[in-house]
There are 2 protein chains.
Amino acid sequence: MSRNTVIDYKTKTATAGARPLKTSTLQDVARVAGVSTATVSRTLSHPDVVSESTRKRVSAAVQKTGYRINRAARNLRTQRSHSVIALLPDLANPFFSNILEGISRTLADKGYSMLVASTRQVHDSGDRLIDYLDDARADGMIILDGQLAPDVVASLEGSPHSNRILFACEWVADAPFPSVRCENRRGTAAAIDHLVALGHRKIAHVTGPQGNVLTTARKDAFVEAVGRHGLALPPEWIIDGDFSLQAGCDAARQWMAIVDRPTAVFCASDQIAMAFIAELARHDIRVPQDVSVMGFDDIDLAEQFIPPLTTIRQDRIIIGETAATMLLERIAGQVTSEARQEAVIPVSLIARKSTGAPPEG
Amino acid sequence: MSRNTVIDYKTKTATAGARPLKTSTLQDVARVAGVSTATVSRTLSHPDVVSESTRKRVSAAVQKTGYRINRAARNLRTQRSHSVIALLPDLANPFFSNILEGISRTLADKGYSMLVASTRQVHDSGDRLIDYLDDARADGMIILDGQLAPDVVASLEGSPHSNRILFACEWVADAPFPSVRCENRRGTAAAIDHLVALGHRKIAHVTGPQGNVLTTARKDAFVEAVGRHGLALPPEWIIDGDFSLQAGCDAARQWMAIVDRPTAVFCASDQIAMAFIAELARHDIRVPQDVSVMGFDDIDLAEQFIPPLTTIRQDRIIIGETAATMLLERIAGQVTSEARQEAVIPVSLIARKSTGAPPEG
DNA sequence: CTTTGCTCTGCAATCGATTACATTAGGCAG
DNA sequence: CTGCCTAATGTAATCGATTGCAGAGCAAAG
């Protein structure tokens, strides 16, 4: 039996997908209601332009047929996908969970769906970020990863859809995209003020990953705050890390190796701070008796950590909601694409038990 | 100036959306390549059926025009959205992050996108779960919430698309959907065996939320394991909770109120266990010296908790990958819808420092 | 009675890709 | 040279909703 390539591909497509059992369409509703498809469509999308009686007939027909709109068809016709994609650097990082919650909630309210992907995955698969917009998969994009390759950023900027992109939490320096961020500088300053008020004069900092805008913002603010208080700052008191638990462990070991140990440590994330404290505990160093440790973020677990973590709280639900709201405004064309927006979400100091007066001596 | 309703809605639609700046279509590519749209389409979807020379001409034209496929159009024509929706009970719960990672990775490999929503949000917005499938938004659905209302389950079962639904982690008792779960019974048994081996004879259990299948599975397995070892089990040693941090705090207070305190506590989640330990610490009760505490899940932070948490590890990446793979097979029609599948993912005991021998006396 | 102006509805084009079917051009056996 | 087969491409219908335009019906104005 001879099967050539042509037959092959057709067979494959025909076999795959025990396709559907179709649901009713506008046509079916129109037939049942005894009106045209145009009228049915209008009844559903612009109820105020059809007469009372027609509206009732159509509604009844919709009920009877169990009609559900076919979004693929509507998307094609209206050139809108009614969905937005959220791009995370790392899907497995719980830091982003609440942000997604905020985004999703806002989108759902406005009838939008949320697609989620990670920049790493997109990159690995060889796709280009901008494709999500170019191929009509999403109407807009919220990027939570500031560490994009320069050529990726360039392609985003160059796209005709660049006005439907927004950064949240992180951002790209010098790129013309609107963004939502938290008060990184003020939060950092508040943290250092808190430690100084407790009597600390020797304060270390564990940073986020190199090349990250948050790392830079917080590190710069740290250096400035420490200087403002006239404190010494040997280079080894700035410990390079990233936002992970592992970085916290590593940093703790580096801190222990310091001869003239700082009495307080300001970490760029709660995860760092927790692992830092855990590693110290393994060496019988107590927090806050022997050293004070602060985090940044106020993740849910911070309060239940032992000791409960003093940290800088950023409301991630609000960050997500703000990002989604701003993006939807742009998608709706309510904001001129020239208006470079930047929303800054307030942070607050949450003093718990991981900070205290420096040890005697 | 009179504006009636008709003009209003049209104006609105026209104003909204500074629409685009269109990208090139198949037609454009066809024109540039000097072939028909059919040939371009075939070149892209079934390269083996076009001639070498045509393929080259088309590829060049695609390059030149910067063509990107319009997914809305393809979705309409092929009756496939090439996306799958993951439904979580709660988007903000970090437990699900890794599962999403596993799902997303697998989907991306196969050219699928991942939509994410929470059952609560869907419910609040008045939508019906099944709409996601009925309205062609998604080709399939992975539900991570077993606590759906009976009428919701009924509507899922009744749908012509019910064979494109799969449960993961949780499931609905007696419903005919395939599912991916972890070894809840074996994990629980292993936990109790571990505690008994350490010398514990009085073991308590903090459960998950009432009405949850995981709660039931783990509680039943707990009762059975305790019975197998011939241990006593007063009713007050089973403490009702849910998977949250708050439940852990509450449970700790209940445990402290018990006169003849159990020397070990098996918690239905790591979050419960951590908060349980934290609350005890606030009352100067030490773990594991005064009481041993175990969790379930092995979330990332378990290892960095103080003390590091003994727990039952479930590989959530694999759960996600398995769920996505199984669902895609069904979508592709490679599995008859009658074949009720159930994948069980192995768990393992991770012994750390939160468990030890019971205190003297 | 005609004209003007509304409101409501229908006709039919359209969004952009896929694919069944038709057609053309060669290759090869008889 | 004819007939048949295959490979490669083109033609045009189709997926299902939206919407510009036109027409019907009716009321009020002239």
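Chain naming here is simple, since letters A, B, ... match the order of the sequence lines and numbering starts at 1 in each. Given the structure is predicted, the values throughout are model-derived calculations rather than measurements.
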Figure out the [atom1]/[atom2] separation between [X] and [N], and round it to whole Å.
X       : N      : atom1 : atom2 : value
B:Asn70 : C:dT18 : CG    : C1'   : 13 Å
A:Asn75 : C:dT14 : CG    : P     : 21 Å
B:Glu52 : D:dA8  : CD    : C1'   : 14 Å
A:Gln27 : D:dC15 : CD    : P     : 9 Å
A:Asp48 : C:dT7  : CG    : C1'   : 13 Å
B:Arg68 : C:dC15 : CZ    : P     : 22 Å
A:Arg71 : D:dT18 : CZ    : P     : 11 Å
A:Arg74 : C:dG16 : CZ    : C1'   : 18 Å

- Taking the side chain of B:Leu76 as its heavy atoms from C-beta onward, which of D:dT18, C:dT19, D:dC15 lies nearest to it?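 Shortest atom-to-atom distance from the side chain points to D:dC15.
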Contacts table for residues 143-156 of chain B: side-chain donor-acceptor under 3.5 angstrom, sequence neighbours left out:
unit_1: B:Asp145; atom_1: OD1; unit_2: B:Gln147; atom_2: N; d: 2.8
unit_1: B:Asp145; atom_1: OD2; unit_2: B:Thr119; atom_2: OG1; d: 2.6
unit_1: B:Ser155; atom_1: OG; unit_2: B:Val152; atom_2: O; d: 2.8

- Task: Scan residues 111-122 of chain A for pairs that pass salt bridge (charged side-chain N to carboxylate O under 4.0 Å, His left out), counting only residues two or more places apart or in two chains.
- Result: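 As it turns out, the salt bridge (charged side-chain N to carboxylate O under 4.0 Å, His left out) pairs with a partner in residues 111-122 of chain A, which skip direct neighbours, are A:Arg120-A:Asp124, A:Arg120-B:Glu101.
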Quick one: list whatever passes side chain to side chain donor-acceptor pair (under 3.5 Å) with [X], sequence neighbours left out.
X        : value
B:Thr106 : none
A:Thr39  : A:Ser36
B:Asp90  : none

- Item | Residue among B:Thr23, B:Val58, B:Leu44, B:Val32 satisfying side-chain contact (heavy atoms from CB on, under 4.5 Å) with B:Tyr67 | B:Leu44
Does a side-chain N or O of [X] approach OP1 or OP2 of [N] to a distance below 4.0 Å, or not?
X       : N      : answer
A:Ser41 : D:dT18 : yes
A:Gln79 : D:dT18 : no
B:Tyr67 : C:dA17 : yes

- Item | Test: B:Arg68 and A:Asp135 ion pair at under 4.0 Å | no
- Item | Per-nucleotide protein contact string for nucleotides 9-14 of chain D (B base, S sugar-phosphate only, - none; heavy atom under 4.0 Å) | BBB-BB
